Amino acid sequence: MGYQCEIVLCLSPDGQEAFNKHARETAEKLQAEEFKAFTEFLANPTERLDAEGATLRFWSWRTWHKDVPEWRIMRNIMDLLEPGQILFYSVGQDLDDIERQGLITTILSICIWSERSLLPHKRRVHQHRLIRHNF
């Protein structure tokens, strides 16, 4: 099954535009299986919120590591974005496994409340929401 994470991707309005551009360019170069995995991943977040042109996508308990095609594709696209266009988090099974990329200033921030037990497989996210926050 692989390593499971909760994933949050928030894009500013210009970040969403840049992400879409890079995703289209990347999609043209993918093999059919990779293209299918990538498009299904993007199209099926656990939750998607849009506010003032910014977009938040949240995926719960997804396999997320370098051997997963959508991980490699997303990493490549996210690395092309400016820090102010993106805010990305992945929260892994281990309590100290948190990855962050980017910083969206004065637009949006993500608040995620997680309930964690000592056994990672019993962890569950019980509330997530988008809030306005200035850094």
Side-chain angles (χ1 to χ4, degrees):
M1 186 184 215
Y3 192 76
Q4 303 294 300
C5 291
E6 290 164 345
I7 304 161
V8 177
L9 174 65
C10 186
L11 299 167
S12 67
D14 63 318
Q16 182 64 57
E17 188 176 309
F19 182 90
N20 291 344
K21 174 185 175 272
H22 295 307
R24 281 190 303 273
E25 292 169 355
T26 300
E28 293 173 0
K29 302 170 190 169
L30 298 176
Q31 296 177 8
E33 185 177 303
E34 292 175 321
F35 178 79
K36 181 180 179 192
F38 176 60
T39 55
E40 285 180 1
F41 176 76
L42 281 182
N44 296 300
T46 305
E47 183 154 346
R48 179 184 170 135
L49 302 170
D50 297 293
E52 300 176 23
T55 302
L56 174 131
R57 290 181 181 96
F58 171 76
W59 293 269
S60 182
W61 215 236
R62 293 291 305 240
T63 302
W64 192 250
H65 56 81
K66 65 180 179 164
D67 296 330
V68 177
E70 53 268 31
W71 181 91
R72 290 190 311 272
I73 298 163
M74 288 290 291
R75 293 304 277 127
N76 290 338
I77 294 170
M78 291 188 315
D79 288 346
L80 296 171
L81 301 177
E82 297 295 323
Q85 295 178 319
I86 184 174
L87 185 57
F88 170 84
Y89 282 95
S90 70
V91 181
Q93 289 173 237
D94 298 326
L95 294 175
D96 63 346
D97 184 15
I98 299 173
E99 176 188 358
R100 179 178 183 204
Q101 179 177 337
L103 175 64
I104 296 179
T105 58
T106 68
I107 300 171
L108 296 170
S109 182
I110 294 120
C111 283
I112 301 174
W113 289 269
S114 294
E115 179 181 304
R116 292 176 180 251
S117 72
L118 294 176
L119 299 173
H121 69 278
K122 295 216 176 209
R123 184 184 57 146
R124 63 188 166 97
V125 168
H126 58 88
Q127 182 181 24
H128 53 90
R129 65 183 172 138
L130 188 66
I131 66 167
R132 178 176 299 283
H133 183 77
N134 292 324
F135 290 93

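These numbers were taken from a predicted model, which means no experiment stands behind them.
At least one donor-acceptor pair closer than 3.5 Å links the side chain of Gln101 to the backbone N or O of Met78. Not a single donor-acceptor pair under 3.5 Å links the side chain of Asp97 to the backbone N or O of Gln93. In terms of modelled atom types and a separation under 3.5 Å, the side chain of Arg72 and the main chain of Lys66 share a donor-acceptor contact.
The closest side-chain heavy-atom distance from Ile73 to Phe41 is not below 4.5 Å. The shortest distance between side-chain heavy atoms of His22 and Asn76 does not fall below 4.5 Å.
There is no path of hydrophobic side-chain contacts, each under 4.5 Å, that joins Leu80 to Leu87. Clustering ILVMFWY residues whenever any of their side-chain heavy atoms sit less than 4.5 angstrom apart, transitively, puts Val68 in the very cluster that holds Phe88.
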### Message
If you apply the rule side-chain contact (heavy atoms from CB on, under 4.5 Å), what do you find for Glu47 with Leu56, and how did you get there?
### Response
CA-CA 8 Å; Glu47 183 154 346; Leu56 174 131; 5.6 Å; no

### Message
Assess the residue pair Arg62 and Thr46 against the criterion (side-chain contact (heavy atoms from CB on, under 4.5 Å)); give the C-alpha distance rounded to whole Å, side-chain angles, the decisive distance to 0.1 Å, and a yes or no.
### Response
CA-CA 10 Å; Arg62 293 291 305 240; Thr46 305; 6.0 Å; no

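Under 4.0 Å is where a charged nitrogen must lie from a carboxylate oxygen, and between Glu25 and Lys21 at least one such pair does.
The two residues Pro45 and Trp59 come nearest to each other via the heavy atoms CA-NE1, 3.2 Å. Considering every non-hydrogen atom in both Leu42 and Met74, the closest pair reads CD2-SD, 4.0 Å.
Remark: the Thr63 side chain and the Gln4 side chain contain an N/O donor-acceptor pair separated by less than 3.5 Å.
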